[in-house]
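Data block below; observations after.
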Amino acid sequence: MARRKKIYEGKAKILYEGPEPGTLVQYFKDDGGAFDDEHREVVEGRGVLNNRLSEFFMTGLNGIGVPTHFIRRINMREQLIRAVEIIPLAVVVRNFAAGSMSDRLGIPEGTALPRPIVEFYFKDEELGDPLVTEEHIIAFGWASQQDLDDMVALALRVNDFLSGVMMGVGIRLVDFRIEVGRVWDGDFQRLIVADEISPDSCRLWDLRSGARYGKDADGSDPHKLSEAHTEVARRLGVLPTNVTHATKPTLIN
Ligand code: C5P
């Protein structure tokens with residue numbers, strides 16, 4: 001049997017050549033995710049849930065006219081996506097202070113920000129994905145001013161959509177990260193949402209109890225992390241309501 005060609009392997013995902021030019025197959029692994037090395041745990045079923053959740057969010061975004069790389073889910077762990085040229089920046093949107101913003105600026109976690117704040121981080125693992133300014137981005141040629149404007153607009157639309165969806169299931173979207181890719185439609189290039197949108201790249205707090213479900217669920221405890229992913233999927237209706245344990249999720253079609 002012919003082996004398909006692996007294009008890239010990261011901590012959480014593998015990209016294979018797709019069935020048609022301009023497409024790729026994105027495979028979700030159980031380990032990795034957006035967590036630091038020390039918190040990297042293998043959570044059985046997490047890849048399956050992230051595949052489902054990313055499908056759910058990206059389908060919704062496509063539906064309201066926010067372009068993404070998502071084409072369709074292929075199976076439990078794989079989805080067909082558009083091949084893009086990834087911009088080497090992580091785009092973070094924050095609605096409430098938390099994480100590195102609280103650490104850097106001394107703002108107590110949970111403080112509502114006066115408006116959503118968009119930040120750019122240079123994707124370089126060895127450097128620890130440092131925060132960069134628009135000046136750095138333009139001077140070093142990582143993106144143009146037009147790209148930056150488009151990325152901010154895209155990120156804010158994703159923020160409105162995701163905040164609303166999560167609010168509808170009693171969860172506060174504290175902050176999240178997206179990646180953006182460039183595609184060409186004929187002579188025109190445009191930017192679309194790429195990579196994944198899942199609890200691994202979001203900070204999600206329960207509106208009432210304050211319980212943490214996303215990025216800062218207890219990453220040192222694989223069981224808690226797995227519960228957090230399952231809870232988000234359950235509330236969004238991506239899992240049937242009778243699933244109580246995350247390790248072998250039964251998925252509805
Ligand atoms: O750690 P920090 O507060 O900067 O994270 C902001 C947001 O970016 C969080 O929602 C986190 O999930 C996301 N993030 C990520 N991958 C990283 C760093 C942060 O998805 N490597």
Side-chain angles (χ1 to χ4, degrees), residues 8 10-13 26 28-29 31-41 43 46-47 49-51 53-54 57-58 61 68-69 86-113 115-133 136 142 151-152 154-156 158-163 165-167 171-181 193-207 210-220 224-226 228-229 231-233:
Y8 165 85
K11 281 178 282 184
K13 290 179 297 274
Q26 179 164 253
F28 287 76
K29 302 197 275 188
D31 53 351
F35 294 83
D36 325 330
D37 278 339
E38 60 203 86
H39 287 153
R40 199 178 301 155
E41 301 285 350
V43 179
R46 175 158 144 200
L49 290 176
N50 284 348
N51 186 24
L53 286 163
S54 205
F57 294 127
M58 297 238 185
L61 287 167
T68 79
H69 72 166
I86 283 283
I87 300 212
L89 299 167
V91 187
V92 168
V93 182
R94 300 178 185 273
N95 299 304
F96 296 84
S100 68
M101 173 184 251
S102 289
D103 292 346
R104 191 179 310 110
L105 302 179
I107 305 174
E109 287 223 317
T111 307
L113 299 172
R115 59 174 213 181
I117 293 178
V118 181
E119 296 173 338
F120 296 99
Y121 292 81
F122 180 53
K123 272 163 53 86
D124 183 318
E125 238 179 85
E126 271 180 34
L127 296 176
D129 295 350
L131 178 69
V132 290
T133 68
H136 296 120
W142 297 324
M151 277 192 278
V152 169
L154 209 50
L156 290 176
V158 174
N159 185 43
D160 284 345
F161 170 80
L162 278 185
S163 293
V165 167
M166 299 314 297
M167 177 72 75
I171 293 175
R172 166 175 296 164
L173 178 65
V174 175
D175 55 37
F176 67 96
R177 178 206 59 165
I178 55 168
E179 288 187 20
V180 174
V193 179
D195 190 47
E196 73 175 279
I197 300 180
S198 76
D200 281 354
S201 49
C202 300
R203 207 171 248 122
L204 304 168
W205 295 354
D206 185 86
L207 268 177
R212 298 178 172 208
Y213 296 125
K215 158 88 172 174
D216 51 10
D218 188 352
S220 60
K224 286 222 178 89
L225 200 54
S226 150
H229 281 65
E231 177 61 13
V232 173

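Ligands are counted one by one from 1 in listed order, and the atoms in each one are counted from 1 as well. All residue numbers refer to positions in the sequence shown, counting from 1.
Proximity to Phe176 (heavy-atom distance under 4.0 Å) selects the following atoms of ligand 1: 10 (O). The ligand atoms of ligand 1 that sit less than 4.0 angstrom from a heavy atom of Gly99 are 3 (O). The contact set between ligand 1 and Asp129, taken as ligand atoms under 4.0 Å from a residue heavy atom, comprises 21 (N). Per-residue contacts place Tyr121 under 4.0 angstrom from the following atoms of ligand 1 (heavy atoms of the residue considered): 4 (O). Every atom of ligand 1 is numbered from 1 in the order shown, and the set under 4.0 Å from a heavy atom of Ser201 is 10 (O), 12 (O), 13 (C), 20 (O).
The residue from Leu53, Asn50, Asn51 that alone fulfils the side chain to side chain contact (heavy atoms under 4.5 Å, CB included) condition with Glu196 is Asn50.
Checked by atom type, the side-chain pair Asn95/Asn159 shows a donor-acceptor distance below 3.5 Å. In the model, Asp200 has a side-chain atom that pairs as donor or acceptor with a side-chain atom of His229 under 3.5 Å. Ser102 and Arg94 form no side-chain donor-acceptor contact under 3.5 Å, judged by distance and modelled atom types alone.
A cation-pi arrangement, defined by a distance under 6.0 Å to the six-membered ring centre and an angle within 45 degrees of its axis, is absent between Arg46 and Phe28.
When non-hydrogen atoms are compared, ligand 1 lies under 4.0 Å from the backbone of Cys202 (N, CA, C, O) but not from its side chain. Under 4.0 angstrom from ligand 1, the non-hydrogen atoms of Val92 all belong to its side chain.
Side-chain N or O atoms of Glu109 include one that pairs as donor or acceptor with a backbone N or O of Gly99 at under 3.5 Å. With Asp129 contributing its side chain and Asp124 its backbone, the two residues share a donor-acceptor pair below 3.5 Å.
Closest heavy-atom approach to atom 15 (C) of ligand 1 among the candidates Arg177, Glu109, Arg104: Arg177. For the residues Ser102, Ser198, Ala97, Ser100, the heavy atom positioned nearest atom 2 (P) of ligand 1 is part of Ser100.
Contact annotation: Glu119 has no heavy atom less than 4.0 Å from any atom of ligand 1.
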